[in-house]
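In what follows, a single structure is set out as structure tokens and then discussed.
The analysis underlying the following values was restricted to heavy atoms, covering all of them including side chains, and did not include hydrogens, waters or symmetry mates.
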Amino acid sequence: KYREAFGVDAQPMEYVTSSETSIPLPDASVDVLFTMNALDHTEHFEIMCTELLRILAPGGLIVASLNLNEPATVAEPQTLSDELIDAHLLRRLTIESRRNAPQGPLHDTYVHCRSRTPVDDPGAPRYVWIRARKPM
């Protein structure tokens, strides 16, 4: 149903079925990795990060949008924090940019991202955007 609804077969890319513990791609085979509000949906964050780093090529770029400090739920079992992201994902990467913004109200949750409102309370729910590169 997904393939039909989104016209997957007409897109010039290859889709693979994977899990958070095993991505069926060779080591160092991905030049650009993009993840948007996905890593808090994993049961095994540390393993997922290991897999992402494994498939990212030397010199490869990761662009990530992450929701931080949100309470865990059934659909989002991870409460991501700067410390967790640094320890399991960013420690082996060179950060090119990192930007934080507080979450806005439900009707416009990204309002502060557009206005570049500073984060007053680093422990409150917020967004972080990271651009980082795997060293050669």
* To do: For the residue pair Arg54 and Ile23, establish whether any side-chain heavy-atom pair is separated by less than 4.5 Å.
  => yes
* **His41 and Thr73, any side-chain heavy atoms less than 4.5 Å apart** => no
* Which is it for Leu25 and Val30 under the side-chain contact (heavy atoms from CB on, under 4.5 Å) test, yes or no, and what are the steps along the way? -> CA-CA 8 Å; Leu25 295 174; Val30 174; 3.9 Å; yes
* Decide if atom CD of Glu4 counts as having more than 12 heavy atoms of other residues, nucleotides or ligands within a radius under 6.0 Å. => no
* To do: Please determine if Lys134 and Asp31 form a salt bridge, counting it only when a charged side-chain N lies under 4.0 Å from a carboxylate O.
  => no
* Asked: Any ion pair linking Asp86 and Arg92 (charged N to carboxylate O, less than 4.0 Å)?
  -> no
* To do: Determine, step by step, whether Leu39 and Leu89 satisfy the side-chain contact (heavy atoms from CB on, under 4.5 Å) criterion, reporting the C-alpha distance in whole Å, the side-chain angles of both residues, the deciding distance to 0.1 Å, and the verdict.
  => CA-CA 11 Å; Leu39 296 181; Leu89 183 62; 4.3 Å; yes
Reported [atom1]-to-[atom2] distance for the pair [X] and [Y], which is rounded to 0.5 angstrom:
X	Y	atom1	atom2	answer
Ile55	Ser18	CD1	OG	8.0 Å
Leu93	Cys49	CG	SG	9.5 Å
Asp40	Leu68	CG	CG	9.0 Å
Thr94	Arg131	OG1	CZ	12.5 Å

Is it true that [X] and [Y] fall in one hydrophobic cluster, defined by side-chain heavy atoms closer than 4.5 Å?
X	Y	value
Val8	Val16	no
Leu33	Phe45	yes
Leu56	Leu90	yes
Val128	Phe34	no
Met13	Val32	no

* Could you give me the CA-CA distance, side-chain angles and deciding distance for Leu66 and Ile85, then say whether side-chain contact (heavy atoms from CB on, under 4.5 Å) is met? => CA-CA 9 Å; Leu66 306 162; Ile85 293 165; 3.4 Å; yes
* Structure fact -> Closest non-hydrogen contact found for Thr79 with Ala72 is OG1-N, 3.2 Å
* Asked: Do the side chain of Thr42 and the main chain of Ala38 share a donor and acceptor less than 3.5 angstrom apart?
  -> no
* Any pair with a residue in residues 113-136 that passes ring pair (Phe, Tyr, Trp, His ring centres under 6.0 Å), sequence neighbours left out, goes on the list, sorted by first then second residue, please. => Tyr110-Tyr127, Tyr127-Trp129
* So among Asp120, Asp82, Asp121, Asn67, which one has a side-chain hydrogen bond (donor to acceptor under 3.5 Å, both in side chains) with Arg126? -> Asp82
* **From CA spacing to verdict: side-chain contact (heavy atoms from CB on, under 4.5 Å), Arg133, Glu96** => CA-CA 7 Å; Arg133 198 166 295 276; Glu96 295 180 352; 2.7 Å; yes
* Asked: Are Gln103 and Glu70 close enough that a side-chain donor and a side-chain acceptor fall under 3.5 Å?
  -> yes
* Applying side-chain contact (heavy atoms from CB on, under 4.5 Å) between Thr21 and each of His44, Glu51, Glu43, Met48, report the one that passes. => His44
